[in-house]
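Notes follow once the structure below has been shown.
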Protein chains: 4
Amino acid sequence: MRGQHQSSYTVSIHYDWRLYREDIAGSIAHARMLARQKILSIEDRDVLIKGLTKIREEIESGEFPWRHELEDIHMNIEARLYELIGEPAGRLHTARSRNDQVATDLRLYLLRVTDETNELISQFQKVLLHSAESHMDVVMPGYTHLQRAQPILLAHHILAYFHMLNRDRSRFQQVRNSADVLPLGSGALAGVPYLLDREFVARELGFTKISSNSMDAVSDRDFVIEYLSASSIMMMHVSRLAEELVLWSSAEFGFVHFSDEHTTGSSIMPQKRNPDIAELARGRSGRVFGHLMGLLAVLKGLPLTYNRDLQEDKEGLFDTIDTVQNTLKALTESFAGLEFKVATMRDAADKSYSLATDIADYLVGKGIPFRRAHGIVNALVRTAEATKKGLSEMTLEEYQAFSPLFGTDIFKVTLDSSLAARDVHGGTAPQRVKEALREAWRIVSDTES
Amino acid sequence: MRGQHQSSYTVSIHYDWRLYREDIAGSIAHARMLARQKILSIEDRDVLIKGLTKIREEIESGEFPWRHELEDIHMNIEARLYELIGEPAGRLHTARSRNDQVATDLRLYLLRVTDETNELISQFQKVLLHSAESHMDVVMPGYTHLQRAQPILLAHHILAYFHMLNRDRSRFQQVRNSADVLPLGSGALAGVPYLLDREFVARELGFTKISSNSMDAVSDRDFVIEYLSASSIMMMHVSRLAEELVLWSSAEFGFVHFSDEHTTGSSIMPQKRNPDIAELARGRSGRVFGHLMGLLAVLKGLPLTYNRDLQEDKEGLFDTIDTVQNTLKALTESFAGLEFKVATMRDAADKSYSLATDIADYLVGKGIPFRRAHGIVNALVRTAEATKKGLSEMTLEEYQAFSPLFGTDIFKVTLDSSLAARDVHGGTAPQRVKEALREAWRIVSDTES
Amino acid sequence: MRGQHQSSYTVSIHYDWRLYREDIAGSIAHARMLARQKILSIEDRDVLIKGLTKIREEIESGEFPWRHELEDIHMNIEARLYELIGEPAGRLHTARSRNDQVATDLRLYLLRVTDETNELISQFQKVLLHSAESHMDVVMPGYTHLQRAQPILLAHHILAYFHMLNRDRSRFQQVRNSADVLPLGSGALAGVPYLLDREFVARELGFTKISSNSMDAVSDRDFVIEYLSASSIMMMHVSRLAEELVLWSSAEFGFVHFSDEHTTGSSIMPQKRNPDIAELARGRSGRVFGHLMGLLAVLKGLPLTYNRDLQEDKEGLFDTIDTVQNTLKALTESFAGLEFKVATMRDAADKSYSLATDIADYLVGKGIPFRRAHGIVNALVRTAEATKKGLSEMTLEEYQAFSPLFGTDIFKVTLDSSLAARDVHGGTAPQRVKEALREAWRIVSDTES
Amino acid sequence: MRGQHQSSYTVSIHYDWRLYREDIAGSIAHARMLARQKILSIEDRDVLIKGLTKIREEIESGEFPWRHELEDIHMNIEARLYELIGEPAGRLHTARSRNDQVATDLRLYLLRVTDETNELISQFQKVLLHSAESHMDVVMPGYTHLQRAQPILLAHHILAYFHMLNRDRSRFQQVRNSADVLPLGSGALAGVPYLLDREFVARELGFTKISSNSMDAVSDRDFVIEYLSASSIMMMHVSRLAEELVLWSSAEFGFVHFSDEHTTGSSIMPQKRNPDIAELARGRSGRVFGHLMGLLAVLKGLPLTYNRDLQEDKEGLFDTIDTVQNTLKALTESFAGLEFKVATMRDAADKSYSLATDIADYLVGKGIPFRRAHGIVNALVRTAEATKKGLSEMTLEEYQAFSPLFGTDIFKVTLDSSLAARDVHGGTAPQRVKEALREAWRIVSDTES
């Protein structure tokens, strides 16, 4: 008998209970297949399925007698099954090992989780699209190096995040595809000495592929790392958006105003309205990166096949799933409640030298190479800065001091002309952004059908 | 003029010179498109292409005058182009920013690198398949927890790695697909004020898609993280194989013998034949994990669009590419030179209690539930161990002391019967392994056509 | 009022309840100081202390009414205090912000935790020393590259881990020293507008230093990273020991036998005795590395001072503390139950070519340079291997075929002579190991006084 | 003979050449000791030292004939020594293994590097102190959550970084202390069979301690991880400062102006002055975190003693050293060239509601508990915001609408009164900051003596 202490070191029931649904579904499918293959009697099958169904009901109604000393979800269910139906419970383990069972549970679980995650991404994308749509005429400075660079449409900026999330969705779809392989039938490592119908089990559980090498099947956790990796990239995207929300809600930028329920006050400073949701979303990318790194380190250098180290594949994964999903929910709600300060945004674009590129392009239009035009406008801007003048406040003479090619049409270079000129696929010209928005709605709708 | 020191902090030419081919190809395609769109004259186009082609030749012949103070590959090429062709060089920068240029270079580079990496994986897979094929009758113990578990075929074990590498190849293919988007035309962040034909440039360079949002396009490095992530998983697989090679070449296992050129001696111990290649391959997984983590940290929390932090996307990537490719080459060569000690392997399977599961399954065949059979055989093994007897050395009476169901047919449970019984898709039964091998050859051949 | 969802995203009470003791101690010390400085009346102080003491008792007896919607430990205690004592509860927040309060709690907590961790390290060290002591005459092969290299004493091998743990203890002591700075009095970020006696609070709580810059004090989490870093190194050490235990308990090595309560069976293979504790200890290093990486990523690029991202400083820390402490306990118990197979160990040293270095040194003693002696013995070993002879089985003539300098005294080169010859500080000569053991006991005793 | 390819996989000379000085110094000290112990003749010693000294000169003058095929620095030096002095070169390897040699080199190298790093930290600290000193009267808003919180002195803000760097310096000092242990004399793993004087070698090389366990000594890389960990924390600090510089140099904040040589222009946007140095410094924290993670993964699960995986301890370390030192230099120079826009800073403090806490404290002074005062001022600020009034623009009647306790003395609550009130150790009161500055100068001076 194992002592108290060891028990606590090897116990996993406090987190692997999450797999109960998949564990039971896997056992039912296994029992059905065994009966189909005459390895199990019809009577035993029915008794087993009844017992397992009862256990699922007990768990979902909160009546299941969890026993910490049984260590994991599999032993908890197995022991309860014995209590409920006696000897036939033992037959369920024919042609199955814990090694292929746990791999099956985890894969089945990820099939569901990736679908859920992608549904949450779609929800978030729709909020972004609604926001872009209702701010189609809002101009703001686009930034590089956090310096005002060129005027853009807010909608264009928002669509950049739509596209990041779109890639995230596609990555989670790939993860789903990687998880979609049934390992059951691999036994402990070598296969099992029974004539199984693995394809039948796969169909029952919703897998479209079965594993091709039993040793690989029980020790492969690539799909878990892939989930962590896709999540890390998604959280990295989220952290960028969150950073922008923190910046934009600062007094200095003043571009957005969070609704009250998405900010927090301070215990000491009565005036504070802190963007806590955004800060937490930004910060929580760290833990997801950490879980990815942790699992890579766990798997590194393990000989085949199953090693107990693999038990470490779950806690980080579960925490990642929660983090990803809760962050998506929180940001979706927060973003929906954002108020954009459109006058401040336009003003910021207007008062800066963000039209400098357009002026250089104006000169290119007059026939000089871009590199030289760039030099001329650079000098012009430095002079304007020194005299604290905006570009639109300069006279034609002042312009011509830098190049005789300047004519009165220089004053037609405006925020709106600048935007309109970026009339290229993917550019910020209003017409292009409208098209991009239509295309984005189409993409997000496709995911639903 | 920038000072000495700053220069050295911002310089990247010592690693980004690698992109010269892509940078030049991108510029040529850009020039062609500009001329096609009448933004550039035919004469200028031809002069530009001639100059760029000359520069590529200079670089490849080692005659290019690299200048550290020009900081990066783009400035080096640009400055040289001015020297060679004068003023028209300046026109090349029409409708292009460094931001979309560098993103284009890096994506183009990864299209090539992913293909190369996958070719190396295929080479390694073929060596594995040849090895499996020529050892089809070699039996060894399969391990779980590094304890002998059940007999398996060496070929089955080797095929497990084939399948890992197959997933790796598929992941690099996905990375290629992610990289396969042309950003050129996005300008600095907002698009460019010229009527470009982005699809033409894409075709010229071998891209099949063009980017849909200019702000996203210049700040997206997902494809780099994906390469690092796919590489981390591949190196994790490699570290597992390397660990096994280290174990197997130890005196204790004695399963393999490295050829002399794949071991190293000791400076002090004259008898040593150390498996250095395998150890280095195992160790080098660490650096790749580190590069993945490093880039995630770099990108975390960056506001849109381009920030200079993004310069950090290259060095870790380049080192990862080298590590992945050199490790594949080194292991492919090492593995090809391995000598398997087949008698030792079979002996290890034979002398262990690795048939215990089969004996339990024998009892299941006699009608008792698996869980009970497991208990009986456990007691039997403990007794055998205590008396230092192998299972095949026990008499029928000794067997029957544990269960009256044992009959003389228990002696038909052998290594070979055990293997043959795992006759399930993915199992170690010789017939199944042969089929798996045929399928594997088919897969690897498909990659070549 | 905050909605349901946001509440759950910002909630931390499920993990920060752990700080209740420190939070209450901090509040009591703060109240005492406020009264001492006449900022609070004696009556209010006494009421506050009584209320806080009552709350601690409620928590420890399980009667405390935890409220999830109050989000964190501070708000739970504060709200309960209002319920218990009314208005005076509000005075406790005079001259204190949540920012300096939470930093104080966490530092105080780490003072205790580092002491506990070091006590567990000492316990483990003692078990190692007892084991070394009772196996002083056990010879085994020492390994480099997992190849048998030179004979060593098992006690010498065990002492290597003693020294690693000793450095770990010293690092945790440094972490304690880093944590030992009182931030209370820093307010939200700028200090507080009251005449406080910060030194008094420090003394009350057991801190020996007070912070020197309020902005740094509320945003500094270096001490948490230091704990994670020291833990990562310790877990790396543990993973090395665990790897050796896994190797040594394999059939191939056969060096150790775990007691039954420290192994686990298999669900399918009746013969298995798996070293699960060691495997888990090895695997759990991964999660600690991950937490370290995660927190570095969280803190990267945060502007001063407090940002809500800092809430992410706790969960990974708490999980690390549990992992470190539970791993130390589990390994201490496992190691104490190990049975060493001393005959197998000696046999492994004896049958290998681990005396090759000594033979080269023998030749050096005869006057030839080491590099040449190395070459001679290398040739000798290759010949012996080819003829499957041990070095002790070779005749003098066979030796002399490689060098005429060999004399009959070559047969005095034995395992024991080899050990005895390593008579240098830190070497494996029995006398040196005995001294090292005495010194080790002295070190571990010093930690207790 | 090893083939071309393997050679390139195991080669390290392209980075470990850096250890040439330490390798030669170690060999000279070893030779001296051998002669002192009569293991080597005086003549051989002198020849060896002469040869080694010559090699150092060759390397430093660029005349050394590096040979890639010799793989590492040790073999390059050894082979050259044979060329220069013949047979006696072989005697240098008496009583020394590559394993203890390389560990010695790396430790010796880190003794020097930690000193250099700390000198650079001190230089940076002095620049910070000069800057604080010359801006003693500059008021700015202090931030929490990137929201203006309370007024502070710029000097106080700068001093926060001084203290972070001070902890960094202390950590590098601890790393130095960890590195300061001589492993030479440990041999390959077991000690050496010669009567060495290890203490003598230690003194010659500047080590103050010698290693106590030979097996630990050749496989211990804790000191390298410690360097990477201390560097990660330092780079995290730097990334925070860099983030602030990026924010402060944005148009929105407008707090600082980089001198021209510390910004870069844009290839396309003529107006840009990008804070590239700060961005790179922020981004380069990522690579250092990655190297830390990489080495932890490398070391995880390695059995004793030396394994070739340990070769991976150097490249990440060397890159970290360069990154840390170049970043310190670049930031020191950049910071020295910063121009603070002091009017903008004060204005930002003035126009915000950053005095709200002071007003709450004013009410506490009138006798009401802090929590209630906080509520009153919160309401007051919300009303002021709604009417777009600053707090100083409100009339007494308007104040009294929120509490009858407000009197005319409320108008004495100003930026300056707020600062002055934070008169606590570590607070932002001008007098306290002056004291803190004096103390800081004292600390930094102490490091020089």
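The model shown is predicted, which means the values in this text are computed figures rather than measured ones. Numbers restart at 1 for each chain; the letters A, B, ... are given by sequence-line order, proteins then strands.
Distance check: A:Met215 CE to B:Leu153 CG gives 10.0 Å after rounding to the nearest 0.5 Å. Taking OG of B:Ser232 as the reference point, atom CE of A:Met293 lies at 6.5 Å (rounded to 0.5 Å). A distance of 8.5 Å separates NE2 in B:His145 from CG in A:Leu310, rounded to the nearest 0.5 Å. Between A:Leu159 atom CG and B:Ser212 atom OG the span is 10.0 Å, to the nearest 0.5 Å. Put simply, CG on B:Leu189 and OG1 on A:Thr428 are 8.0 Å apart, with the number rounded to the nearest 0.5 Å. Distance check: B:Lys300 NZ to A:Ser239 OG gives 6.5 Å after rounding to the nearest 0.5 Å.
Residue B:Phe223 does not touch chain A at all, counting heavy-atom pairs closer than 4.5 Å. Neither the backbone nor the side chain of A:Asp309 comes within contact range of chain B; no heavy atom of the residue lies under 4.5 Å from a heavy atom of that chain. Interface remark: A:Ala188 contributes backbone and side-chain atoms alike to the contact with chain B (heavy atom separation under 4.5 Å). Within the 4.5 angstrom heavy-atom criterion, atoms from both the backbone and the side chain of B:Leu296 approach chain A. Interface remark: B:Ser219 contributes backbone and side-chain atoms alike to the contact with chain A (heavy atom separation under 4.5 Å). Contact annotation for B:His157: both backbone and side-chain heavy atoms come within less than 4.5 Å of a heavy atom of chain A. Contact of B:Arg91 with chain A is made through backbone and side chain together, with heavy-atom distances under 4.5 Å. Only the side chain of B:Leu292 comes within contact range of chain A, judged by heavy atoms closer than 4.5 Å. Contact of B:Arg198 with chain A is made through the side chain alone, with heavy-atom distances under 4.5 Å. Residue B:Asp197: no heavy atom, backbone or side chain, is found under 4.5 Å from chain A. B:Ala190 touches chain A through backbone and side chain together, each having a heavy atom under 4.5 Å away. Residue B:Pro88 does not touch chain A at all, counting heavy-atom pairs closer than 4.5 Å. The contact between A:Tyr82 and chain B is made entirely by side chain atoms (from C-beta outward), counting heavy-atom distances below 4.5 Å. Looking at B:Glu78, only its side chain comes within 4.5 Å of chain A, counting heavy atoms on both sides. In this structure, chain B has no heavy atom under 4.5 Å from any part of A:Ala230. When heavy atoms are compared at a cutoff of 4.5 Å, B:Leu195 approaches chain A solely by way of its side chain, counted from C-beta outward.
Closest non-hydrogen pair, B:Ser211 versus A:His425, comes out as O-CD2, 3.2 Å. For B:Gly191 against A:Val424, the heavy-atom pair with the smallest separation is CA-CG1, 3.9 Å. Among all heavy-atom pairs drawn from B:His156 and A:Asn213, the shortest one is O-ND2, 3.0 Å. Listed here is the closest heavy atom pair of A:Asp216 and B:Met164: OD1-CG, 3.6 Å.
Under 4.0 Å is where a charged nitrogen must lie from a carboxylate oxygen, and between A:Arg171 and B:Glu226 at least one such pair does. Between A:Glu87 and B:Arg372 there is a salt bridge, since at least one side-chain N of the basic residue sits less than 4.0 Å from a carboxylate O of the acidic one.
The greatest number of non-hydrogen atom pairs below 4.5 Å with chain B, out of A:Pro183, A:Ala95, A:Gly301, is found for A:Gly301. Per-residue counts of heavy-atom pairs under 4.5 Å with chain A were compared for B:Arg282, B:Glu243, B:Arg167, B:Gln150; the largest is that of B:Arg167. For the set B:His163, B:Glu435, B:Glu199, B:Arg432, the count of heavy-atom pairs under 4.5 angstrom toward chain A peaks at B:His163. The candidate with the highest count of non-hydrogen atom pairs below 4.5 Å against chain A, out of B:Pro369, B:Gly427, B:Ala440, is B:Pro369. Per-residue counts of heavy-atom pairs under 4.5 Å with chain B were compared for A:Ile152, A:Leu304, A:Thr94; the largest is that of A:Leu304. Interface check for chain B: of the options A:Val238, A:Asn307, A:Thr357, the most heavy-atom pairs under 4.5 Å are formed by A:Asn307. Ranking A:Val433, A:Val364, A:Asp220 against chain B, the residue ahead of the rest is A:Asp220, based on heavy-atom pairs under 4.5 Å. Contact count versus chain B (heavy atoms, under 4.5 Å) is highest, among A:Gln147, A:Arg308, A:Gln174, A:His237, for A:Gln174.
The shortest distance between side-chain heavy atoms of A:Pro303 and B:Arg240 does not fall below 4.5 Å.
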* Please step through side-chain contact (heavy atoms from CB on, under 4.5 Å) for the pair A:Met236 and B:Asp222, ending with a clear verdict. => CA-CA 10 Å; A:Met236 178 273 283; B:Asp222 290 8; 3.7 Å; yes
* To do: Could you walk me through whether B:Tyr194 and A:Asp361 pass the side chain to side chain donor-acceptor pair (under 3.5 Å) test, one step at a time?
  => CA-CA 9 Å; B:Tyr194 297 89; A:Asp361 282 320; 2.7 Å; yes
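Panel note: side chain B:Ser229, backbone A:Ser229; no donor-acceptor pair is recorded below 3.5 Å. In this structure a side-chain-to-backbone donor-acceptor pair under 3.5 Å is missing from B:Thr144 to A:Thr305.
Applying the salt bridge (charged side-chain N to carboxylate O under 4.0 Å, His left out) criterion to A:Glu244, with sequence neighbours excluded, gives no partner residue.
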